[in-house]
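Let me begin by presenting the structure, written as structure tokens, before commenting on it.
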Protein chains: 2
Amino acid sequence: MAVSKKEEFNKTDIEVAEIAKALSHPARIKILKILNDLDSCMVGNIVDLLPLSQSTVSQHLSELKRVGLIQGEIEGPKICYCLKPDVIEKAKKEFSKLFTQVCKC
Amino acid sequence: MAVSKKEEFNKTDIEVAEIAKALSHPARIKILKILNDLDSCMVGNIVDLLPLSQSTVSQHLSELKRVGLIQGEIEGPKICYCLKPDVIEKAKKEFSKLFTQVCKC
DNA sequence: TATTCTCATCGTATATTTACGATGAACGAT
DNA sequence: ATCGTTCATCGTAAATATACGATGAGAATA
């Protein structure tokens with residue numbers, strides 16, 4: 001695509017778009033729900049619940065981690081992933097604000 | 001990417017992901033805001049407010065139209081685009097539900 | 001009818017995303 | 001020290017997204 005022009009927009013719009021991008025695949029939506037449901041949050045557990053390979057799931061986790069919606073902590077040979085409620089809360093507010101702003105109400 | 005596996009997820013997650021995808025570019029976020037601000041909503045007006053070519057803007061409008069967030073009505077040689085508040089309202093609720101569900105609160 | 005305006009679509013180039021298997025690093029257990 | 005487990009990353013292939021200019025269709029206007 002030649003050259004991206006995303007940076008030419010305002011910071012808030014870019015931020016919301018980034019979060020939206022992280023949520024733009026059903027696997028990532030489901031991962032968030034899984035992390036909310038499970039106590040233990042090994043990658044293997046998540047892989048078992050998705051129709052995707054381990055490496056693909058790992059990529060999806062990276063994308064969610066990139067925007068800060070989740071975090072991973074090393075726990076021996078395993079990695080414990082979990083939600084970051086403060087970031088999710090912030091995202092919730094930003095989306096709510098956007099929709100309200102744009103909803104003529 | 002070999003073959004997409006998106007259809008293998010549940011319908012609700014796919015729907016939310018689709019809306020998120022439509023919101024995953026700052027140009028499209030801005031277009032929603034522009035449509036909310038302007039009375040007249042010709043494509044040309046939108047193009048003037050974005051750092052993108054007419055054809056690119058047209059593609060972004062198509063994506064928003066595809067998921068139903070906006071609609072376009074022919075008005076002579078022009079096309080009047082406008083928001084679809086009911087769909088936006090629905091999207092707002094779905095995102096709110098997702099974040100609440102996933103926020104441990 | 002010819003011209004102009006408005007916009008979608010086509011063709012194209014390049015970037016990014018999605019998917020997988022293979023590999024290797026890090027760690028615990030034997 | 002070796003082995004098994006766990007996971008990220010690499011390499012790769014194919015699909016999709018982003019961007020543009022060119023073209024053409026449709027409608028109003030001259």
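Computed from heavy atoms alone, side chains included, the values below leave out hydrogens, waters and symmetry copies.
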Relative to the ring of A:Phe99, is the ring of B:Phe95 parallel (under 30°), tilted (30 to 60°) or perpendicular (over 60°)? tilted
The single option from A:His25, A:Lys30, A:Lys33 passing side chain to side chain donor-acceptor pair (under 3.5 Å) against B:Asp13: A:Lys33
Close N/O contacts between protein and nucleotides 5-12 of chain C (under 3.5 Å):
residue, atom, partner, partner atom, Å
C:dC7, OP1, B:Val43, N, 3.0
C:dC7, OP1, B:Ile79, N, 3.3
C:dC7, OP2, B:Gly44, N, 2.8
C:dA8, OP1, B:Tyr81, OH, 2.3
C:dA8, OP2, B:Ser58, OG, 2.5
C:dA8, O5', B:Ser58, OG, 3.4
C:dA8, N7, B:Gln54, NE2, 2.9
C:dA8, N6, B:Gln54, OE1, 3.1

In whole angstrom, give the distance that lies between atom NZ of B:Lys21 and atom P of C:dT17. 13 Å
Does A:Lys90 have any salt bridge (Lys or Arg N to Asp or Glu O under 4.0 Å) partners at least two apart in sequence or in another chain, and if so, which? A:Glu15, A:Glu94
Both A:Ser24 and A:Gly76 contact DNA chain C. Taking the nearest nucleotide for each, which residue is further toward the 5' end? A:Ser24
Measure the distance from NZ on B:Lys6 to C1' on C:dT18 and round it to the nearest whole Å. 8 Å
Value in whole Å for how far the P atom of D:dA17 lies from CD of A:Glu18: 16 Å
Taking all heavy atoms of B:Ser24 and all of B:Arg28, pick out the closest pair and write down the distance. OG-NH2, 3.6 Å
Does A:Lys6 NZ have over 12 foreign heavy atoms under 6.0 Å away? yes
Which atom pairs, one a donor and one an acceptor, fall under 3.5 Å between side chains of residues 63-77 of chain A and the rest of the protein, sequence neighbours left out?
residue, atom, partner, partner atom, Å
A:Glu63, OE1, A:Arg66, NE, 3.1
A:Glu63, OE2, A:Arg66, NH2, 2.9
A:Arg66, NH1, A:Glu18, OE1, 2.7
A:Arg66, NH2, A:Glu18, OE1, 3.0
A:Gln71, NE2, A:Glu73, OE2, 2.9

Taking atom P of D:dT16 as reference, at what distance in whole Å does atom NE2 of A:His25 sit? 11 Å
Short side-chain N/O contact from A:Lys5 to OP1 or OP2 of D:dC20, under 4.0 Å: yes
To the nearest Å, give me how far apart CD (A:Glu7) and P (D:dT18) are. 13 Å
Send over the distance from A:Glu75 CD to D:dT5 C1', rounded to a whole Å. 15 Å
Check the distance between D:dA8's P and A:Gln71's CD and give it to me in whole angstrom. 14 Å
Is the phosphate of D:dA17 approached by B:His60 (side-chain N or O, under 4.0 Å from OP1 or OP2)? no
For B:Arg28 and D:dA19, give me the distance from atom CZ to atom C1', rounded to whole Å. 12 Å
Smallest separation among heavy atoms of B:Leu52 and B:His60, with atom names: CD1-CD2, 3.8 Å
